[in-house]
Amino acid sequence: MRMMSRISRFLRHNAVAYMFLTPWLLGFFVLTLYPMIYSLLLSFTDYDFTMPGSTQWIGLGNYMKMFGSVFGVSEFTASTGELMRVDPYYLKSLSVTFTYVFVSVPLKLVFALAVAMLLNQKLRWVPFYRAVYYIPTLLGGSVAIAVLWRKLFEKDGLVNGFLGAIGFTDLPGWITNPNYALRTLVLLTVWQFGSSMIIFLAGLKQIPQEFYEAANVDGANKVQQFFAITIPLLSPVIMFNLIMQMIGAFQAFTQAYIIGGGRGGVLNSTLFYTLHLYIQGWTYHEMGYASAMAWVLLLIIGVLTAIVFRSSKWWVSYGVGE
Amino acid sequence: MGSGNNMKTRTTIRKGLTHLFIITLGLFMIYPIAWMIISSFKPNNMIFSDPGLIPRAVTIENYITGWKGYAGTSFGRFFANSLAMCAVAIIGNLISCSMAAYAFARLKFAGRGFWFALMMLTLMLPGHVTLVPRYILFNTFGWVGTYLPILVPKFLATDAFFVFLLVQFIRSLPKEVEEAAIIDGCGKVGVFLRIIIPLASPALVTTALFTFLWTWDDFFNHLLYLTTPATFTVSRALRTFVGDAGAVSNWGGALAMSTLSVIPAFILFFSLQKYFVQGITTTGLKG
């Protein structure tokens, strides 16, 4: 009886709220939590989507397949007794992705901040300029722009047309040359600094003008003001942008897929992590392995985000006077 | 007097130079897109290595050949598919995300802090950890090859970004109107429908806007789940211009259809600019 009255009281107080929350709760359990647990389990199997009946538990086999070459192993015996080959491209995809993230994200933030500061002046037409600088971000993630990018950086593309016109000779095909292919993708990403720029611009507007006036009175120059006022007061915004851009960059897919024609490009020079995961899971049907790859990606992103958060006490200041 | 004028002239010159610099840099930023649009009107053999923006000959042939589409399905169909998909996605996100946001922002219930924390965590979760099981699940339902794997999640508020955006917005609304309505005997559902929804309309516009853009531009899910040309969306269809080794046979057609595909984003952006800025600054929407 008491149990019943407790339940009915709970319902009376919470029923309406949970009714509003029902779609989200369903989505959370069915499309997020359950798939996460399921994919963690699959990561210890050799699940093949086309032959679900023959799925076997292989323990850490998929993880060995990823990192075996670190230990100098190219083949190993799985717990099922089956001989498994180490994925020869996994570490390549990891290094391509890390290079991409650690080069493109800082560059993007530097550009975004520089342009935001340029636009954070008493000038006419700033909303128009802001719009113009945002256009690449608006369109940049689309297949259309990826197709265009391929065209621009081909051997006989627009970029070489330009460089040829000003006297350069022996120009490479930027996309087909493994030394340059990744750089064209970095450039494509940095070009889309619009979102970070708008967030920086909003952050810059929050900094009280009096701080700069006081610094002027004290005789501090612009560079000193930048490092003593702008950077510290903007640091929470910098951290926010850094985390969001980093998480996004690790998951980049479309541009690499289109520019590589559905593969990792010449010598796998643009084999992004997610592209490799897609190829493993959907071209080779190695979905157990793809799940393991996804969990490692989650761990990498989680650890790096945690590092940024933990390090924030050294470089992020909340409030004035710290 | 003289020095005052001098100061004024110097400020004017400095401002002029700043404008000049911003405009020059802006031209570099816009150049590739302008070139794409102009080149789509150039004859196919003149697109190559012609960096100029003024075409020496103008043709709409690229639009005619490009529009033919892929495997007998024209771009008319792909555009219709994309538009229909976006419309349903917007409805789904508006309903499900505003419901969840109202609960988180205004209702007091057991477990609110816990669920809210989980919702914020999913904001940062890379979608790949749910990818394979979702695919298996949708395949068991027989949904692969249809729009359901892309659209059903929208009705279940899986885009946590929008829930967060709406929570932030609803929290900022004054409570007096709601309190007055409750005194007048309005229930929580009534408050939601008659007060919250109208007042939150700016944030709902932002939600609709970004849902449209992301669904329109999404490629990965379309690649996974749309298997027959008749169901292809614009972004999925554009991929068919690029061959498996990355070679493109009909560049003119590719650039023409690419140009058409970015028109909706342009129109929305220039007509709804303030909602963009609002959306980006409140949640840091990636773009």
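The chains referred to below are lettered A, B, ... by the order of the sequence lines, with proteins before strands, and numbering in each begins at 1. No hydrogens, no waters, no symmetry mates; every other heavy atom, side chains included, goes into these values.
Both the backbone and the side chain of B/L238 come within contact range of chain A, with heavy atoms under 4.5 Å apart. Residue A/P127 touches chain B through its backbone alone, counting heavy-atom pairs closer than 4.5 Å. Residue contact with chain B, scored on non-hydrogen atoms closer than 4.5 Å, involves the side chain of A/I145 exclusively. Contacts of B/W115 with chain A are made by both backbone and side-chain atoms, with heavy-atom separations under 4.5 Å. Interface residue A/L152: only side-chain heavy atoms are found under 4.5 Å from chain B. Looking at B/F241, neither its backbone nor its side chain comes within 4.5 Å of chain A, counting heavy atoms on both sides. For chain B, no part of A/V266 is nearby; none of its heavy atoms comes within less than 4.5 Å. Contacts between B/I22 and chain A at a heavy-atom distance below 4.5 Å involve backbone atoms as well as side-chain atoms. With a 4.5 Å cut-off on non-hydrogen atoms, A/L277 touches chain B through its side chain but not through its backbone. Only the side chain of A/L119 comes within contact range of chain B, with at least one heavy atom under 4.5 Å from a heavy atom of that chain. Residue contact with chain B, scored on non-hydrogen atoms closer than 4.5 Å, involves the backbone and the side chain of A/Y133 alike. With a 4.5 Å cut-off on non-hydrogen atoms, A/L118 touches chain B through its backbone and its side chain both. No part of B/I95 comes within reach of chain A, as not one of its non-hydrogen atoms sits under 4.5 angstrom from that chain. Proximity to chain B (any heavy atom under 4.5 Å) is shown, for A/M19, by both the backbone and the side chain. Heavy atoms closer than 4.5 Å to chain A are found nowhere in B/M257, neither backbone nor side chain. If you measure heavy-atom distances from B/V152 to chain A, you find no contacts under 4.5 Å at all. Using a 4.5 Å cut-off between heavy atoms, A/L42 touches chain B through its side chain atoms alone. Proximity to chain A is absent for every atom of B/D218, based on heavy atoms less than 4.5 angstrom apart. With a threshold of 4.5 angstrom between heavy atoms, A/F200 does not approach chain B through any atom at all. Using a 4.5 Å cut-off between heavy atoms, B/L156 touches chain A through backbone and side chain atoms alike. Only the side chain of B/S261 comes within less than 4.5 Å of a heavy atom in chain A; its backbone stays farther off. Interface remark: A/L41 contributes no atoms to any contact with chain B (heavy atom separation under 4.5 Å).
Residue B/F210 forms a ring-ring contact (aromatic ring centres under 6.0 Å, His included) with just one option from B/Y275, B/F276, B/F161, and that option is B/F276.
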Could you go through the ring-ring contact (aromatic ring centres under 6.0 Å, His included) check for A/W295 and B/H128 one step at a time?
CA-CA 8 Å; A/W295 268 91; B/H128 300 86; over 10 Å; no
Go through B/F162 and B/W214 one step at a time and tell me if the ring-ring contact (aromatic ring centres under 6.0 Å, His included) criterion holds.
CA-CA 12 Å; B/F162 299 125; B/W214 291 351; 5.4 Å; yes
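The backbone N or O of B/G252 sits less than 3.5 Å from a side-chain atom of B/N44, completing a donor-acceptor pair. Panel note: side chain A/T274, backbone A/A252; a donor-acceptor pair is recorded below 3.5 Å.
Here B/T18 is the residue among B/V163, B/L268, B/T18 with the most heavy-atom pairs under 4.5 Å with chain A. For the set B/L125, B/L255, B/V234, B/L213, the entry with the most heavy-atom pairs within less than 4.5 Å of chain A is B/L125. Of the listed residues B/W216, B/F192, B/F155, the one with more heavy-atom pairs under 4.5 angstrom with chain A than any other is B/F192. Ranking B/R134, B/K108, B/M36 against chain A, the residue ahead of the rest is B/R134, based on heavy-atom pairs under 4.5 Å. Put simply, of A/L297, A/T254, A/V115, A/T176, the one with the most heavy-atom pairs under 4.5 Å next to chain B is A/T254. Between chain B and the options A/T305, A/I301, A/L25, A/L26, heavy-atom pairs under 4.5 Å are most frequent for A/L25. When each of A/L139, A/V16, A/I243 is scored by its heavy-atom pairs under 4.5 Å with chain B, the top score falls to A/L139. Annotation: maximal heavy-atom pairing with chain B below 4.5 Å, among A/Q251, A/M293, A/M36, occurs at A/Q251. When B/Q273, B/M124, B/R106, B/M29 are compared by the number of non-hydrogen pairs under 4.5 Å with chain A, B/M29 comes out ahead. Annotation: maximal heavy-atom pairing with chain A below 4.5 Å, among B/L260, B/L123, B/T259, B/L107, occurs at B/L107. Contact tally against chain B (heavy-atom pairs below 4.5 Å) for A/A202, A/G281, A/G265, A/A131: the top residue is A/A131.
The 12-atom threshold is exceeded at NZ of A/K205, counting heavy atoms of other residues, nucleotides or ligands nearer than 6.0 Å. Atom CZ of B/F270 sits in a crowded spot, with more than 12 heavy atoms from other residues, nucleotides or ligands closer than 6.0 Å. Within 6.0 Å of CZ in A/F111 there are 12 or fewer heavy atoms belonging to other residues, nucleotides or ligands.
Close placement of the B/Y225 and B/Y135 rings is indicated, their centers lying within 6.0 Å of each other. No close placement of the A/W282 and A/F49 rings is indicated, their centers lying 6.0 Å or farther apart. Aromatic rings from A/F272 and A/Y257 are positioned such that their centres are separated by 6.0 Å or more. Ring centers of A/F29 and A/Y34: at least 6.0 Å apart, outside the cut-off. Here the two rings, on A/W149 and A/W174, have centers that are 6.0 Å apart or farther. Ring centers of A/Y273 and A/F250: at least 6.0 Å apart, outside the cut-off.
Looking only at atom types and distance, the side chain of A/K108 has a donor-acceptor partner in the side chain of A/Q245 under 3.5 Å away. A/H285 and A/T50 form no side-chain donor-acceptor contact under 3.5 Å, judged by distance and modelled atom types alone.
Side chains of B/W35 and A/K151 form a contact here, defined as non-hydrogen atoms less than 4.5 Å apart. Under the 4.5 Å side-chain criterion, counting only non-hydrogen atoms from C-beta, A/R150 is in contact with B/W251.
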